[in-house]
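Step one of this worksheet: look at the structure below.
Excluded from the calculations below are hydrogen atoms, water molecules and symmetry mates; all remaining heavy atoms, backbone and side chain alike, are included.
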Amino acid sequence: QVQLVESGGGLVQPGGSLGLSCAASRSVFSINSMGWYRQAPGKQRELVAAITNGGSTNYADSVKDRFTISRDNAKNTVDLQMNSLKPEDTAVYYCNAENWGVTYWGQGTHVTVSS
């Protein structure tokens, strides 16, 4: 069982940066895969970025070269650094964990990109 709590969302101007953090209830290195998803109004939830316990990463094409996912085992967090933000990045961002076939979700944090 994994509990996830997101933080760091807020309002940012286009071109700006924002960092999100997902705190897990156990070591992030003990979890097979963790990631960030987002859901914009009227759209389905989509993968933003993911990282395995082996360090492999995957990014949605729309965020490649702008977002970076990372782990901090000392803090039991998975972080998402978002740069060069665009209005289309506006969404609720959810932390995700996949461990031994079981999927876990955080409650989400709002990110709004607007001038």
Mind checking the [atom1]-[atom2] spacing from [X] to [Y]? Nearest 0.5 Å is all I need.
X: Ser7; Y: Leu20; atom1: OG; atom2: CG; result: 8.0 Å
X: Ser30; Y: Asn99; atom1: OG; atom2: CG; result: 6.0 Å
X: Glu98; Y: Asn32; atom1: CD; atom2: CG; result: 7.5 Å
X: Ser62; Y: Leu47; atom1: OG; atom2: CG; result: 9.5 Å

**OP:** Group every Ile, Leu, Val, Met, Phe, Trp and Tyr by side-chain heavy-atom contacts under 4.5 Å, then state whether Tyr104 and Val92 land in the same group.
**Re:** no
Original post:
Closest approach of Thr90 and Ala40, non-hydrogen atoms and distance?
Top reply: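 Closest approach of Thr90 to Ala40: O-CB, 3.5 Å.
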Original post:
Which atom names give the shortest non-hydrogen contact between Ala24 and Met34, and what distance separates them?
Top reply: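 The pair with the smallest heavy-atom distance is CB-CE, 4.2 Å.
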Flag, side chain of [X] to backbone of [Y], donor-acceptor distance under 3.5 Å:
X: Thr77; Y: Asp79; value: no
X: Asn83; Y: Ser17; value: no
X: Tyr59; Y: Ile69; value: yes
X: Ser25; Y: Gln3; value: yes
X: Thr109; Y: Gly9; value: yes
X: Glu6; Y: Cys95; value: yes
X: Arg66; Y: Ser84; value: yes

Subject >> Salt-bridge contact Asp89-Lys86 (side-chain N to carboxylate O under 4.0 Å) >> reply: no
**OP:** Run the numbers on Arg26 and Ile31 for side-chain contact (heavy atoms from CB on, under 4.5 Å), then give the verdict.
**Re:** CA-CA 8 Å; Arg26 62 185 296 174; Ile31 301 170; 3.9 Å; yes
Between [Y] and [X], is there a side-chain heavy-atom distance shorter than 4.5 Å?
X: Asp72; Y: Val28; value: no
X: Thr112; Y: Val12; value: no
X: Ser114; Y: Leu11; value: yes

**OP:** Dump the intermediate steps for side-chain contact (heavy atoms from CB on, under 4.5 Å) on Asn96 and Trp36, then the final yes or no.
**Re:** CA-CA 6 Å; Asn96 163 270; Trp36 287 91; over 6 Å; no
Original post:
Parallel, tilted or perpendicular: which describes the rings of Trp105 and Tyr37, with under 30° parallel and over 60° perpendicular?
Top reply: perpendicular
Original post:
Please walk me through it: do Ser70 and Gln81 pass side-chain contact (heavy atoms from CB on, under 4.5 Å)?
Top reply: CA-CA 8 Å; Ser70 61; Gln81 180 62 44; over 6 Å; no
**OP:** Assess whether side-chain contact (heavy atoms from CB on, under 4.5 Å) is satisfied between Gln107 and Tyr94, documenting all intermediate values.
**Re:** CA-CA 7 Å; Gln107 293 298 309; Tyr94 297 90; over 6 Å; no
Original post:
Just wondering, more than 12 heavy atoms not from Glu88 lying within 6.0 Å of its CD?
Top reply: yes
Original post:
Within 45° of the six-membered ring axis of Phe29 and under 6.0 Å from that ring's centre, is NZ or CZ of Arg71 located there?
Top reply: no
